[in-house]
2 protein chains.
Amino acid sequence: MSASKKIELIEKALKAFYAGGFQAVGMDRLAKETGISKTSMYKHFKTKEDLILEVLNLRDENYRSWFVRRIEALASTPVERLLAMFDALDEWFHEETYLSCMFIRASCEYPQSSNPIHKISAKHLRLLQAYVIGLAEQAGVKNPGDLARQLMLLNEGAIVLAHIQGPDDVARNAKETAQILINHALSQ
Amino acid sequence: MSASKKIELIEKALKAFYAGGFQAVGMDRLAKETGISKTSMYKHFKTKEDLILEVLNLRDENYRSWFVRRIEALASTPVERLLAMFDALDEWFHEETYLSCMFIRASCEYPQSSNPIHKISAKHLRLLQAYVIGLAEQAGVKNPGDLARQLMLLNEGAIVLAHIQGPDDVARNAKETAQILINHALSQ
DNA sequence: TATTAAGTTGACAGATCAGTAAACCTTAAT
DNA sequence: ATTAAGGTTTACTGATCTGTCAACTTAATA
């Protein structure tokens with residue numbers, strides 16, 4: 001399979017799995033929706049699970065890249081950036097296709113922590129948290145690790161609530177909550 | 001099907017679906033694991049989805065009942081109870097079988113908000129939030145709704161992080177974060 | 001132009017899926 | 001002892017699942 005065809009497959013698979021679910025979308029349906037034959041798919045992916053893993057890797061890279069760039073576009077200082085996290089989330093929540101975070105979805109469909117699909121979800125969260133710790137350090141708070149963990153709680157909670165209850169107000173509430181926590185962290 | 005057999009089926013189905021996933025666990029496997037024949041199951045449940053809905057209803061009742069009783073056992077005053085939410089969560093997170101919240105799991109496997117399974121997840125969250133608003137009101141904060149939403153963000157965030165990253169420290173971090181938010185709410 | 005590489009099509013194997021049915025068994029009630 | 005109710009066993013239908021294969025088509029390359 002040519003490299004460009006492979007990327008095309010992964011991108012299309014990402015959309016299909018996100019919209020329909022990893023288990024609900026089978027390889028026959030995936031072939032129909034992507035326009036790529038099963039034989040081609042199995043030329044480059046040993047199994048369906050291998051494809052899912054590549055899909056999650058691509059999603060991780062794309063999401064974190066977007067997230068960082070979006071935050072940097074929305075705010076200039078580290079403190080403002082910590083808050084801008086939630087502005088970025090708000091944009092994402094209000095996308096018509098929003099259906100929670102692909103990694104939460106993956107870890108729910110494959111709940112055992114030993115599962116490679118689940119492990120990628122854990123890695124994704126570690127990388128996100130590392131970024132937030134970085135912002136918290138730049139913001140000059142006394143305990144950047146603590147603040148980062150607090151904001152991660154809000155981040156993940158907002159993602160879930162926006163999906164289950166609808167996107168309105170969730171990110172705004174999370175941002176207001178973050179403001180309180182950041183103010184508190186700065187006053188230590 | 002006798003009423004007691006039906007409850008037994010729902011309870012055993014709850015365990016099987018929680019451990020393995022709603023879609024991954026089929027009706028044949030469910031029959032093997034519950035010791036109840038498929039013919040019996042279909043005498044009382046028109047479809048697999050009907051069974052899942054009953055499972056979620058039972059889980060909702062059981063969980064909220066346990067949650068309220070556990071919090072009341074752990075703390076006496078409304079403020080302490082708001083914090084004790086996270087002590088209760090901590091106990092749950094450290095159960096060996098812990099695999100996130102069944103409603104987050106359900107909404108991830110059935111992500112479309114029009115799906116009845118997804119709707120039950122939304123209802124569960126509304127009921128939980130109503131309870132927390134009640135505690136916040138009793139605690140005498142100026143904006144109980146705001147505080148309740150903040151604590152729900154922590155609640156859902158903690159549930160997800162405990163599942164994906166492991167249970168250690170998650171509920172404790174959430175409790176410390178809640179303390180900050182409660183103190184802030186009380187000082188308004 | 002011939003050859004090679006990459007991809008498609010349609011069929012297949014073996015398994016599992018949700019749901020149904022007939023025949024049978026067990027238990028409870030009369 | 002008989003009957004009714006409730007449940008089980010086994011097989012079934014039609015569909016879908018993952019993954020593979022042979023034959024074919026299209027594109028790229030020498």
Side-chain angles (χ1 to χ4, degrees), chain A residues 1-57 105-106 108-112 114-118 120, chain B residues 1-57 105-106 108-112 114-118 120:
Chain A
M1 181 178 276
S2 63
S4 64
K5 196 79 165 179
K6 185 177 175 182
I7 295 294
E8 182 192 351
L9 166 60
I10 299 173
E11 287 174 347
K12 284 179 170 175
L14 195 156
K15 285 185 169 61
F17 285 139
Y18 186 61
F22 297 100
Q23 290 176 52
V25 175
M27 297 301 273
D28 276 323
R29 180 171 150 189
L30 193 60
K32 286 201 184 77
E33 294 190 11
T34 62
I36 299 170
S37 70
K38 284 203 301 184
T39 303
S40 260
M41 293 181 184
Y42 283 102
K43 282 245 180 73
H44 255 273
F45 299 104
K46 197 172 190 312
T47 65
K48 181 182 181 184
E49 176 172 317
D50 280 353
L51 172 59
I52 292 177
L53 293 172
E54 287 251 16
V55 159
L56 291 175
N57 277 326
R105 296 273 302 277
C108 285
E109 288 201 48
Y110 303 92
Q112 298 300 332
S114 56
N115 191 303
I117 292 171
H118 193 104
I120 288 204
Chain B
M1 180 178 279
S2 63
S4 64
K5 195 79 166 180
K6 185 177 175 182
I7 295 293
E8 182 192 352
L9 167 60
I10 299 173
E11 286 175 347
K12 285 178 168 175
L14 194 156
K15 285 186 168 60
F17 285 139
Y18 186 61
F22 296 100
Q23 290 178 51
V25 174
M27 296 302 272
D28 277 324
R29 181 170 150 191
L30 193 61
K32 283 199 186 79
E33 294 190 12
T34 61
I36 298 169
S37 69
K38 283 204 299 182
T39 304
S40 260
M41 292 181 185
Y42 283 102
K43 281 246 179 75
H44 253 272
F45 299 103
K46 199 174 188 312
T47 65
K48 181 182 182 184
E49 177 172 316
D50 281 352
L51 172 58
I52 293 175
L53 292 172
E54 288 252 16
V55 159
L56 291 176
N57 277 327
R105 296 272 301 276
C108 284
E109 290 202 46
Y110 304 91
Q112 298 298 332
S114 56
N115 191 304
I117 292 172
H118 193 105
I120 288 204

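Throughout, a chain's letter reflects where its sequence line sits, starting with A, and its residues are numbered from 1.
The CD1-P distance, from A:I7 to C:dG7, rounds to 13 Å in whole Å. Atom CG of B:D28 is separated from atom C1' of D:dT8 by 14 Å (rounded to the nearest Å). Taking atom CD of B:Q23 as the reference point, atom C1' of C:dT16 lies 14 Å away to the nearest angstrom. Atom CD1 in A:I52 sits roughly 13 Å away from atom C1' in D:dC17 (whole-Å rounding). Distance, B:E8 CD to D:dG7 P: 10 Å, rounded to whole Å. What separates CE of A:M27 from C1' of C:dA15 is a distance of 16 Å, to the nearest Å. Nucleotide C:dT8 holds its P atom 15 Å from the NZ atom of A:K32, rounded to whole Å. As a whole-Å value, the separation of B:M41 CE from C:dA18 P is 10 Å.
Of the candidates D:dT8, C:dG7, C:dA18, the closest approach to any side-chain atom of A:K43 belongs to C:dG7. When distances run from any side-chain atom of A:S37 to the nucleotides D:dC17, C:dT8, C:dA18, the shortest one goes to C:dT8.
With contacts defined as side-chain heavy-atom distances shorter than 4.5 Å, the pair A:L51/A:V55 qualifies. The shortest distance between side-chain heavy atoms of B:E54 and B:H44 does not fall below 4.5 Å.
The backbone N or O of B:Q23 sits less than 3.5 Å from a side-chain atom of B:E109, completing a donor-acceptor pair.
Using a 4.0 Å cut-off, some side-chain N or O of B:S40 falls inside it from OP1 or OP2 of D:dT8. Between B:Y42 and C:dG19 there is a side-chain polar atom (N or O) within less than 4.0 angstrom of OP1 or OP2.
Take the nearest nucleotide of DNA chain D for A:F22 and for A:T39: the residue whose nucleotide is more 5' is A:F22.
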Side-chain donor-acceptor distances from residues 25-33 of chain A under 3.5 Å, at least two apart:
from: A:D28; atom 1: OD1; to: A:K38; atom 2: NZ; distance (Å): 3.1
from: A:R29; atom 1: NE; to: A:E33; atom 2: OE2; distance (Å): 2.9

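You won't find any donor-acceptor pair under 3.5 Å spanning the side chain of B:K48 and the base of C:dG19, going by distance alone. At a cut-off of 3.5 angstrom, the base of D:dG7 holds no donor-acceptor pair with the side chain of B:K5.
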For B:F22 and B:K48, what are the C-alpha separation, side-chain angles and deciding distance, and is it a side-chain contact (heavy atoms from CB on, under 4.5 Å)?
CA-CA 9 Å; B:F22 296 100; B:K48 181 182 182 184; 5.8 Å; no
